[in-house]
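Atoms within a ligand are numbered from 1 in the order they appear, just like the ligands themselves. Since the structure is predicted, the reported quantities are computational estimates derived from the model, not experimental observations.
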Amino acid sequence: MRRSIVPGSFDPMTNGHIDIIERASRLFDAVTVAVARNIGKNPLFSAEERVAMLQEECAHLPNVGVDSFDGLLVDYVTHIGATTIVRGLRVVSDFEYELQMAHTNRHLSPEVETVFVMTTTEYSFLSSSIVKEIALLGGSVEGLVPDSVRQRLERQVRK
Ligand code: PNS
C-alpha cells in the first residue's frame, strides 16, 4: 500500500488545500494530512482546531486521515510508514521554497520522495496568509475556504 503525506501549517485550511488533498487521494492508496504543530508563526488556530477543521472537510474522502506532528517531517513520514510527501504548487514563485524543502528532506532521508501537484487555476492566488489578512481586516472569505472554516475564522477574529 502506498501512503503519502500532505503536510502543512493549515492555519487555516483553504479550498486550495482541499484541492491538493483530493488530488493526492486519487493518486495514492492512503493519504495522511499532517498538521505541523510547531509552525513558529504565532498561529491563529491551535493544532487541535486545525486538525478538526481538516477532519470535517476530508470526511468525504475514505482513504484520507488527519494527524499532527512535532519535529522533523521526514521522521514523521518514516514513523507512519509513508513513502511520499505531496506538496501543492500554485505559481512559479512557490518553486524556490518548495525545491529547498524537497532537497533538505531528501538530504535528511533519501528514501522519502517529494512529488508536486499543480493547484487548480481557480485557487492559484490563494494562501492561508491571504485568507487571514482578509478576515482580520473584515473582508469576506466566502469561496476561499469551506463554510465551516469561514465561520470559525469569523468567531476567531471577533475574539
Ligand atoms: O503550509 P506550510 O507552512 O508551507 O508547510 C511547511 C511545513 C510545515 C510542511 C514545513 O515547514 C515542515 O515540514 N516543517 C517541519 C520541520 C521540518 O521538517 N523542517 C525541515 C524541512 S524544511
Side-chain angles (χ1 to χ4, degrees), residues 2-25 27-28 30-58 61 64-136 141 144-146 148-150 152-153 156-157:
R2 295 193 77 78
R3 176 179 293 279
S4 72
I5 282 207
V6 181
S9 305
F10 303 107
D11 186 41
M13 61 169 300
T14 68
N15 287 344
H17 289 130
I18 287 289
D19 175 54
I20 296 299
I21 295 164
E22 284 176 347
R23 286 169 199 280
S25 82
L27 291 170
F28 291 88
V31 176
T32 299
V33 181
V35 173
R37 298 187 72 86
N38 295 324
I39 49 177
K41 293 180 192 164
N42 193 19
L44 189 61
F45 293 100
S46 70
E48 287 68 29
E49 288 171 306
R50 287 178 276 146
V51 167
M53 287 186 258
L54 282 157
Q55 276 170 339
E56 266 174 53
E57 299 304 327
C58 293
L61 301 168
V64 174
V66 184
D67 195 6
S68 63
F69 73 101
D70 275 311
L72 286 175
L73 174 60
V74 287
D75 289 343
Y76 177 73
V77 170
T78 309
H79 173 70
I80 67 161
T83 52
T84 312
I85 297 167
V86 176
R87 292 284 290 175
L89 278 180
R90 293 162 298 188
V91 284
V92 173
S93 52
D94 279 347
F95 188 71
E96 206 170 326
Y97 169 61
E98 294 297 336
L99 191 68
Q100 184 185 29
M101 209 155 60
H103 279 305
T104 305
N105 286 331
R106 180 180 285 168
H107 170 81
L108 292 170
S109 186
E111 64 279 4
V112 174
E113 201 57 66
T114 300
V115 303
F116 295 104
V117 175
M118 305 305 148
T119 313
T120 184
T121 327
E122 197 185 338
Y123 300 131
S124 60
F125 67 98
L126 188 54
S127 70
S128 299
S129 325
I130 291 273
V131 162
K132 271 187 284 197
E133 186 166 321
I134 296 172
L136 288 166
V141 294
L144 305 181
V145 296
S148 67
V149 175
R150 180 179 60 75
R152 280 177 189 259
L153 254 172
Q156 195 74 2
V157 165

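One distance of note links CE of M118 with CZ of R90; it measures 12.5 Å at 0.5 Å rounding.
Residue T104 has no N or O atom closer than 3.5 Å to an N or O atom of ligand 1. Taking any N or O of N105, backbone or side chain, none lies under 3.5 Å from an N or O belonging to ligand 1.
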task = Could you give me the CA-CA distance, side-chain angles and deciding distance for E113 and R2, then say whether salt bridge (Lys or Arg N to Asp or Glu O under 4.0 Å) is met?
result = CA-CA 12 Å; E113 201 57 66; R2 295 193 77 78; over 6 Å; no
Stepwise side-chain contact (heavy atoms from CB on, under 4.5 Å) check, V77 with S109 = CA-CA 10 Å; V77 170; S109 186; over 6 Å; no
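With sequence neighbours excluded, no residue forms a ring pair (Phe, Tyr, Trp, His ring centres under 6.0 Å) with Y123.
Ligand 1 lies out of reach of Q100, whose nearest heavy atom is not under 4.0 Å from it.
With ligand atoms numbered from 1 in the order given, ligand 1 contributes 13 (O), 17 (C), 18 (O) to contacts under 4.0 Å with heavy atoms of L73. In summary, the atoms of ligand 1 found under 4.0 Å from a heavy atom of M101, numbered by their order in the structure, are 10 (C), 22 (S).
Across Y97, Y76, F10, heavy-atom proximity to atom 6 (C) of ligand 1 is greatest for Y97. Evaluated by nearest non-hydrogen atom to atom 9 (C) of ligand 1, the leading choice among M13, E98, R87 is R87. Nearest to atom 2 (P) of ligand 1 by heavy-atom distance, out of S9, P7, S128, is S9. Here atom 16 (C) of ligand 1 lies nearest to G71 when heavy atoms of G71, G88, A36 are compared.
Scanning both residues, A24 and S4, for their nearest heavy atoms gives CB-OG, 4.4 Å. Minimum interatomic distance between R87 and G8 (heavy atoms only, all atoms of both residues): NH1-CA, 4.1 Å.
Side-chain contact, R3 with T32: a donor N or O sits under 3.5 Å from an acceptor N or O.
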